[in-house]
Amino acid sequence: MLVACNARDPVALQRAGSHIYSGCKASLYTVLDNGDAIGALELHLRSGGLIFVAIWIHKGLKPSQVTRTAARNNNHCAHPIPCAMATTVANKVLQGPEDSVSNKGSAARSKAGSKLSKTSSSASAKILAQAEKAALQERMAALKQKHILEMQEEQIRLDQEELRKKREHLRREKEQLALEAELKVTNAKLEVLEINSKCGSKVSKCASKTSDGMNFYLERSETQETYELNPNAERFMPTNKNSEPPSSRLLNSVPAGVKPKHVVIQPPIPNVIPVSQGQSHIQALVLQKAHDNNQSTNSPDILNIMQRQNEITALLVQQNTASALPMRSIAVFDEQYTRGQPRDIVRSCQHLPSESGYQRAKALLIEHFGSEHKISSAYMDKINNWPSIKPEDVNALQSFALFLRGCSNIVHHIKYMKELDMPANLRTILMKLLYKLREKWRNVACDILGQTGSRAVFVDFVNFIEKQVKIVSDPLFGNINDVPPASHTKLSTQAKQKRKSGTFATSVNAIKDGHKEKENLTAHSNHEKGVCFGCLKYGHTSKDCRSRLDCEVCHRKHPSVLHVEKEDTTRITSKETVSTVPEQQQTCGHIGAGEEDTAVFSIVAVQVKSQKGNKVVHTYAFLDPGSSGTFCTASVAERLGVSGKNCNILLRTMGQTKTINTTVLTGLEVSGFDAEDFIELPFVLTQTTMPVSRVNVPCQDDVAKWSYLSSIRLHEVDADVDLLIGTDSPKVLEPWELINSQCGGPYAVRTRVGWVINGPLCAGDPGGAGVKSGCTVVTANHVSVEHLENMLMQQYNHDFTERTYDEQLEMSREDIKFMNIVKDTTVLNNEHYCIDLPFRVEDPVLPNNRCVALQRLQSLKRRFNRDISFKAQYIDFLNNMLEQGYAEKVTASEPTPKQGKVWYIPQHGVYHPTKGKLRVVFDCGCTYKGTSLNSQLLQGPDFTNTLIGVLLRFREEPIAVMADINAMFHQVRVPHKHVNFLRFLWWPNGDAIKEPEECRMCVHLFGAVSSPSCSNYALRRTAEDNALQYSPDVLSTVKTNFYVDDCLKSTVTEEDAVKLIHGLTSLCKKGGFHLQKWVTNSPKVFALIPSNIRAVSLENMDLDRDQFPVERALGMQWCVQGDTFSFRTAVQERPHTRRGILSVVSSLYDPLGFLSPFIIPAKLLLQELCRMNLKWDEPVPSVFSRYWSEWLSELQHMSGFKGERCIKPKDFGTQLKAELHHFSDASQTGYGTFSYLRLESTDSVHVSFITGKTPVAPLKQLTIPCLELAAAVLAVRVNTMLLKELQLPLQRSFFWTDSTTVLKYIFNETKRFYTYVANRVSIIREATDKDQWRYVNTKDNPADEASRELRAQEFGKGKWLKGPDFLHLPAAKWPKLDLDSSLG
């Protein structure tokens, strides 16, 4: 309905308003000028609904404008309005006195307004009726058109149905025709088979003849003669239609030399006529079948027929008799079957008589080539010369098995072949196989010895080999090699740049060129500042650059400062720089221009060979103690002719991590240049180049400059450095002899592969580095290698460990020995416990490894020279250790310890990944002469509480406190008899110019394998020794609420918290442990904590003005002010690859499962990419990339999510009952369980979320009932864990599932299940009772959200966080299921 009025008329507005108020559906538009008036009219015309338009006229609106607007919009509106009516509406709206829009006086305007209101009231009613009538007419017309269209649509549908019926009829006719055709074909075949059977019965009654007669008869049957067949005759007798009588033809056809026989009736001999002959007769019979049916049967002359039949029978009998005779022995030896010397022997007998020549030739052949000894020798020689079987070479293994089977066949016929049963020969044959097959044969041989009481022989070995051939030749599972990598897809420019970027930091080197200097920028490992390498501007990268600069040198599209001459080669390395000292080039793997790196490393000339071959390659080897892996160049592998398996490894340097493709080689050995003492190397990884070059190799001329090194002779070879040997080959790196440095010169170390030189070779250089051309070159190195597949398996197993909490790990024999040592040696001295080092042997003897400690100290010195900040923090740390008494200097007056009672520990600095704090770690795993300190120590049992258990107990009560022990390991002393095993070298006051002094640790140190168990034992021993002086709550806190050195505890009241803080502080102090960094969520408790033991962020906090900050509680973000857990969602940007996605998902730390419903879509995405076999750095398909981007954007919204720390509400009252409720569910993509704690007081019920687990479904397809059963087992395991960890008076637990199939499995008592179901039902029935399991509807099951995707918008609104509503009701109102009807 259109209501038009003048907005200046208050009466009209009042009526219009009352009209709207009465219930009309209307909209109000207020326009201020002509343009807005037209817009309001367009809105009305487009809507076609009931609209109230109040137009505030500021300027005149012409009716023609209204008409054109209506005409233009009639095509778009749902119910068009005639243009005439629109013009009328506009005219009525615009009616009014001239002064209605004038500004001449308020009195005149009010009078004109009152008159206009009366006129407009009647006009409005009339317009309203006209508009309604016009609208109804238009709707009626539109309705008629709609009906017409519907009738047309119905007719089309009928036509389509008729067409469908015709098509169905044609289809049926085609099927019937096809069946009729098949029936005709079958009838034709049956007709032919009937003729075959009749003719075959006749043919079988014929007798045999001589060979010549039969051949002649067959030749005559193949001529172009036509035969007739009488089906009623008793004998098979084809008759020629020619005029010549049958008898004369038969007599004429008898060949010469065959005499006529008397008529003899012979019984039929079966199967004497070949099939081909029978078929030829059958064909002739078929040709004459129609003719025989039309002609009368003429009885031939009986005598001729009998004569002819007897002749044929005689010939067939003679032929059959001749074919049954034995083969004649031909005394002829044909030389075409021999060659070489055997042929010469045969030819020497060819002029002898045939009877004796053959026998003589055979005897000579047996004498020269057929003796058993020569045959067995030939077989043995072939076995010894048989090449070794290569990995996964099925054809070679099969050929070897066939040859061995041939040998086995003659073992029992040639006595000399029995030598194959000898152990030495069997071992020779065994060494031809791969190691994994040799290992399997060892197990088989042991089984044979145990079963039969005798050792395995050659036949057993052949059977084993044939079985292995059968296994590897299996058509389905024989080939288990990795799927060959698909062709690399064309990566984006961004991915290419990321691949091209160096592994190391940018270095800037000042190069003097004439009178001007320019900066030579080298490749940057990551575009931290977003600088473009095309125009050197910020804000974009080179791939998007549209204003590239031209090089003045080569005139190519790059800046001149980035030009690198051809002789400056780029080499990949594992080095990295951390210093920005002016006019010094920090070598990062020799990337970029400038002076070459001339530092001298531990490089020695060696020999390399493969265990499978005899070829030896002479090259240089870099003995790198900073690398955890061993590498070689691809050229060495090619020269040795070895190959391996391709894989990806994670290469970690000192500040960077990247993945590289490599080949894993096995079986390589290395020895000194002039020695044959080959040492087997572990897995060797191939690389294109090494991080060092020939310029880093020391030569004899350099060593000759130092007189104290005159006894050393270095070998020189014409080769590059093709081998890098890391700490995984300790036999190669361990030093045997040391020549100390003098006058700031180098020192030398003798290893099993030769002498290596370390240190500066330039005399008079106090800095310790060679100086050439005014450019100091410093190189740093630290390489760590990890296999990606192991990391991926850890990620897949991260969701839930399969360990059941009801199965306790008992102590091993070594653990028992450890406990005996610490119990017998623990004493309290000066408020600190003193515990012996738990050595494996009572009186250990260790080699003197001072040279190793000195070598590592020189490496630390080079680090000091390039990183001043690191040096300052390192010196402060060690000086503080000396001041605190954790370490002491060894005085010169102290007597020298006995030989074998001293061990020197190298040390290095490590930064905390989140705190940025430096910690000095002692490398107790450093190996020297095959031993290390950690290998001599017992690790001891694990006294550490589980992390999830400590967090769960931290959530139990409303008042929370947190603290940690200061330097926990260093509070446990080491007795004086063992301190010399903890010696280390250090400069006086950290001055690296001075000679290092010997120091030793007096405490259990960070880095020893026994320190965690010793320190935890001392802390528990403190509680046991003072149990009578403190409350049980304090003692229980020490035993159950510490995770290593972090204490997390919750109490009921603030008074309990204050008592606990004082009690814990006092108790720990009695054992030498000092609690510090106290944090609490209670202001009253916080005010009573001394400021010197508060957390660093709370030391100067004003409770009246400041708020509690966010603290880290075992890795979780604890918002102390709101007492909630929050989550860090600001993840680092990663590429859209499998590696990038895995990195982001793994960085989300959520041990309690608050975010599990949100994280499961990312896990499913990773699983799908794994199923597609995408490579780690291959960009994911666009559809997955968009999905991942959406998930990341939703992740940012999760930063506002808060999870309650405390599972009890404030002022809850007296707790009457506490129950655990577990809900499980599964889908095709995932399954999971959510656990809730239901607390019941006198007047309320509270339900809290405890934990959640949401694993993804396995890659192997399983049915929904199987996954539902797996979810039920998961719920049982979570319940077992919670019952053990929670310190609450819990009632019986309840388990809820929406799967009636699972309930049937659990309640069934008689049926036998398959293994999968039986094993899981057994776990459930052993841990729970049947009446603990309940049915819940899917809509009320919160675990339903664990088995499907949950978006960020729905995350805080889901029922999974608070549990289903029925848990707040009494137990009588919980869902129930009729067991008889549903489970029966």
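Because the structure is predicted, anything quoted here is derived from the model rather than measured.
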L837 vs H1004 side-chain heavy atoms within contact, under 4.5 Å: yes
Among Y904, F984, W986, the one residue meeting ring pair (Phe, Tyr, Trp, His ring centres under 6.0 Å) with F922: F984
Any residue meeting salt bridge (charged side-chain N to carboxylate O under 4.0 Å, His left out) with D843, in chain and number order, not counting sequence neighbours: K901
Interatomic distance, L982 atom CG to L933 atom CG [nearest 0.5 angstrom]: 6.5 Å
Residue pairs passing the side-chain hydrogen bond (donor to acceptor under 3.5 Å, both in side chains) test where at least one lies in residues 1043-1052, sequence neighbours excluded: D1033-K1049
Residues which pass side-chain contact (heavy atoms from CB on, under 4.5 Å) with H1062, listed by chain and number, not counting sequence neighbours: V1058
Heavy-atom donor-acceptor pair, R1094 side chain to W1078 backbone, under 3.5 Å: no
T1022: partners by side-chain contact (heavy atoms from CB on, under 4.5 Å), with sequence neighbours left out: Y833, N1026, L1067, F1073
Where at least one partner belongs to residues 725-739, residue pairs that pass salt bridge (Lys or Arg N to Asp or Glu O under 4.0 Å), sequence neighbours excluded: E737-R750
For S869, side chain to side chain donor-acceptor pair (under 3.5 Å) partners two or more places apart: Q873
Partner residues of E998 under the salt bridge (charged side-chain N to carboxylate O under 4.0 Å, His left out) criterion, sequence neighbours left out: R850, R983
Inter- and intrachain pairs under salt bridge (Lys or Arg N to Asp or Glu O under 4.0 Å), touching residues 966-979, at least two apart: D836-K977
Salt bridge (charged side-chain N to carboxylate O under 4.0 Å, His left out) partners for R856, two or more places apart: D923
Extract all donor-acceptor atom pairs below 3.5 Å that involve side chains of residues 1006-1021 and protein atoms in other chains or at least two apart in sequence.
residue	atom	partner	partner atom	Å
S1011	OG	L1005	O	2.7
S1013	OG	Q939	O	3.0
S1013	OG	P941	O	2.8
S1015	OG	S1011	O	2.9
S1015	OG	P1012	O	3.0
N1016	ND2	P1012	O	2.9
Y1017	OH	R1021	NH1	2.8
R1020	NH2	F943	O	2.9
R1020	NH2	K1039	O	3.4
R1021	NE	D1025	OD1	3.2
R1021	NE	D1025	OD2	3.3

Intermediate values then yes/no, side chain to side chain contact (heavy atoms under 4.5 Å, CB included), Q936 and F981: CA-CA 11 Å; Q936 298 294 323; F981 290 107; over 6 Å; no
Side chains of T931 and W903 in contact at under 4.5 Å (non-hydrogen atoms): yes
F954 and W1118 aromatic ring geometry - parallel, tilted or perpendicular at 30°/60° bounds: perpendicular
Side chain proximity check, T1037 to L1060, heavy atoms < 4.5 angstrom: yes
Residues which pass salt bridge (charged side-chain N to carboxylate O under 4.0 Å, His left out) with E831, listed by chain and number, not counting sequence neighbours: none
Side-chain donor/acceptor of D942 to backbone N/O of T944, under 3.5 Å: yes
Those residues that, when tested against T927, pass side chain to side chain donor-acceptor pair (under 3.5 Å) (two or more places apart): none
Backbone of V732 reached by a side-chain donor or acceptor of S729 within 3.5 Å: no
